[in-house]
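Residue numbers begin at 1 in each chain, while the letters A, B, ... track the order of the sequences.
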Protein chains: 2
Amino acid sequence: MYTMTDNKNLLLRNKATIVYSISLAFLLFLLKWLEIRFIIFDHSFEIYIGAIAVIFTVLGIWLALKLSKPKIETIVVEKEVYVNRNENFVLNASLVSQLELSKRELEILSLLAQGHSNQEITAKLFVSLSTVKTHIQNIFEKLDVKRRTQAVEKAKRLNLIP
Amino acid sequence: MYTMTDNKNLLLRNKATIVYSISLAFLLFLLKWLEIRFIIFDHSFEIYIGAIAVIFTVLGIWLALKLSKPKIETIVVEKEVYVNRNENFVLNASLVSQLELSKRELEILSLLAQGHSNQEITAKLFVSLSTVKTHIQNIFEKLDVKRRTQAVEKAKRLNLIP
DNA sequence: CTTATTTTCATACTAAAGTATGAGGTTTTA
DNA sequence: TAAAACCTCATACTTTAGTATGAAAATAAG
């Protein structure tokens, strides 16, 4: 099966070469034949050359059309998938990676969104207030926001948190 | 104006013809020149004809590439973009009435959810900072919350704001 | 028209959030 | 194994948010 496919590809790939070779052979034969007639009958030299020019131009055009590869144009169609806010939350993992948000940062972002204060977050995660503040600061930088309400709004909009 | 456009289209449409005509004229001149050299110096006839063939083949190829519109093969790629379904937000009017939230309060609640600071809200609504604070205070009481993040979370959960 | 509700605004104060800087320990990656 | 990334924590300070109280104007409802 594979051998069959290979053979088939070989023929297809070299089709133009084969065709041109055969055509050239035929045209050379034609040249010789016309040359003989020219020598014998001494017809107009210009007509002969003109015929050569036209014939080979046509051959060139035909060959170019066969050889040219179709230009591939890719169109990206954005298909909007509507997601109900909480039910079908799908994490935008690529964006999380792009923004370089760590697991801890996402965790804290979630707790912000749930309405917790910094002090409450310390109790939930068993860390100090300054740790929480540091994480929040990092989150703000990565999301390019100034306050927690902005962070939450943006994170939900971008599907970073449910 | 229309006449100008017509003239322009005429030139564009016949561009290939014009180019080919000029090229042919040039090549005929070249032929004549080569012919004269051929007659004078009596070089090989086959080389001369071969040169003609090659030249005109190249011309044909060049012409075809210019003439032919590249075959454009279009590949459509679907990319899924997750969009929150804000369109289907249905205000929980009965609950708004139950909680006795006024229009102004809902308005300010929305701006909170969008991530605005108090000062920013003053600018948007053309009221003073203490007005904003008073409204927010009233919102907190009616929603029984302690901070804006809680208010936003609860309001979205209860479909009070989009 | 009177009353109730809403909106507006101020003041003084406390609490929480946010900023900037520095440092050390742990885990992951190349 | 070294470097990078992540997590943790502290300190000092500024800014914003939140609280309590009071008052007046505007609008809506009875």
Side-chain angles (χ1 to χ4, degrees), chain A residues 91-158 160-161, chain B residues 91-158 160-161:
Chain A
L91 179 70
N92 190 342
S94 66
L95 194 54
V96 166
S97 179
Q98 198 176 326
L99 295 168
E100 295 177 343
L101 286 162
S102 70
K103 283 183 183 177
R104 199 67 161 171
E105 283 161 357
L106 279 183
E107 193 175 10
I108 288 189
L109 199 44
S110 273
L111 291 171
L112 283 188
Q114 285 164 32
H116 295 291
S117 68
N118 291 347
Q119 195 65 253
E120 285 172 359
I121 293 171
T122 67
K124 283 186 178 297
L125 301 183
F126 304 104
V127 293
S128 79
L129 188 59
S130 57
T131 301
V132 172
K133 285 185 177 181
T134 300
H135 282 307
I136 287 170
Q137 205 164 4
N138 293 334
I139 289 166
F140 286 179
E141 281 171 22
K142 291 175 183 179
L143 290 183
D144 188 30
V145 295
K146 292 183 206 293
R147 64 190 73 91
R148 62 189 52 200
T149 48
Q150 277 183 332
V152 170
E153 188 275 326
K154 194 165 186 176
K156 282 186 179 283
R157 179 162 38 93
L158 299 178
L160 306 178
I161 52 174
Chain B
L91 178 70
N92 191 343
S94 66
L95 194 54
V96 166
S97 179
Q98 197 176 330
L99 293 169
E100 296 178 342
L101 286 162
S102 69
K103 283 184 182 174
R104 198 64 159 173
E105 283 162 356
L106 279 182
E107 194 175 9
I108 286 188
L109 198 45
S110 274
L111 290 171
L112 283 188
Q114 285 164 31
H116 295 292
S117 68
N118 290 348
Q119 196 66 254
E120 284 173 0
I121 293 171
T122 68
K124 283 182 177 299
L125 301 183
F126 304 104
V127 294
S128 79
L129 187 58
S130 59
T131 301
V132 171
K133 285 186 180 183
T134 302
H135 284 310
I136 288 171
Q137 207 163 3
N138 295 335
I139 289 167
F140 287 1
E141 282 172 17
K142 292 175 181 179
L143 291 183
D144 188 30
V145 295
K146 294 188 206 293
R147 63 190 72 91
R148 60 188 52 198
T149 47
Q150 278 183 331
V152 169
E153 188 274 327
K154 193 163 185 178
K156 280 185 179 279
R157 179 161 42 92
L158 300 178
L160 305 177
I161 54 175

Quiz item: Does a side-chain N-to-carboxylate-O contact under 4.0 Å join A:Glu120 and B:Arg147?
Solution: yes
Practice problem: Check whether any side-chain heavy atom of A:Glu105 lies under 4.5 Å from a side-chain heavy atom of A:Leu143, and answer yes or no. | Solution: no
Quiz item: Are OP1 or OP2 of D:dA17 and a side-chain N or O of B:Arg148 less than 4.0 angstrom apart?
Solution: yes
Quiz item: So, for A:Ala155 and A:Leu109, which heavy atoms are closest and what is the spacing to 0.1 Å?
Solution: CB-CD2, 3.7 Å
Quiz prompt | Five-pair end axes of the helix from C:dC1-D:dG30 to C:dA30-D:dT1 and the angle they enclose, rounded to 10° | solution = 70°
Practice problem: Measure the distance from CD1 on A:Ile121 to P on D:dC7 and round it to the nearest whole Å. | Solution: 15 Å
Practice problem: Go through the N and O atoms of the side chain of A:Thr134 and the base of D:dC9, and report whether any donor-acceptor pair is under 3.5 Å. | Solution: yes
Quiz item: Is there a side-chain contact between B:Leu160 and B:Leu95 (heavy atoms, below 4.5 Å)?
Solution: yes
Quiz item: Can you find a heavy atom in the side chain of A:Leu112 that is under 4.5 Å from one in the side chain of A:Ile161?
Solution: no
Quiz item: Base, sugar-phosphate, or nothing: which does B:Ser128 touch, judged by heavy atoms less than 4.0 Å apart?
Solution: sugar-phosphate
Quiz prompt | Nearest-Å distance for atom pair NZ/C1', residues A:Lys133 and C:dT19 | solution = 9 Å
Quiz item: Counting only non-hydrogen atoms, which of residues 99-115 of chain B are less than 4.0 Å from DNA chain C?
Solution: B:Ser102, B:Arg104
Quiz prompt | A:Gln150 CD to C:dA17 P, straight-line distance once rounded to whole Å | solution = 16 Å
Quiz prompt | Pairwise side-chain contact, B:Arg104 with B:Val127, heavy-atom cut-off 4.5 Å (strictly under) | solution = yes
Exercise. Would you kindly give the NE2-to-P distance between B:His135 and D:dG18, to the nearest whole Å?
Key: 15 Å
Quiz item: Quick one: is A:Ser130 getting a side-chain N or O under 4.0 Å of the D:dC9 phosphate, OP1 or OP2?
Solution: no
Practice problem: Using atom CD1 of B:Ile136 as one end and atom P of D:dT19 as the other, report the distance to the nearest whole Å. | Solution: 10 Å
Exercise. Can you figure out which of C:dG18, D:dA17, C:dA17 approaches the side chain of A:Asn118 most closely?
Key: C:dA17
Quiz item: Rounded to whole angstroms, how far apart are CG on A:Leu129 and P on C:dT19?
Solution: 14 Å
Quiz item: Between A:Gln137 (CD) and D:dC13 (C1'), how many Å, whole number?
Solution: 13 Å
Quiz item: Base, sugar-phosphate, or nothing: which does B:Ser117 touch, judged by heavy atoms less than 4.0 Å apart?
Solution: sugar-phosphate
Quiz item: Below 4.5 Å, heavy atoms only, C-beta onward: do B:Leu106 and B:Val96 meet side chain to side chain?
Solution: yes
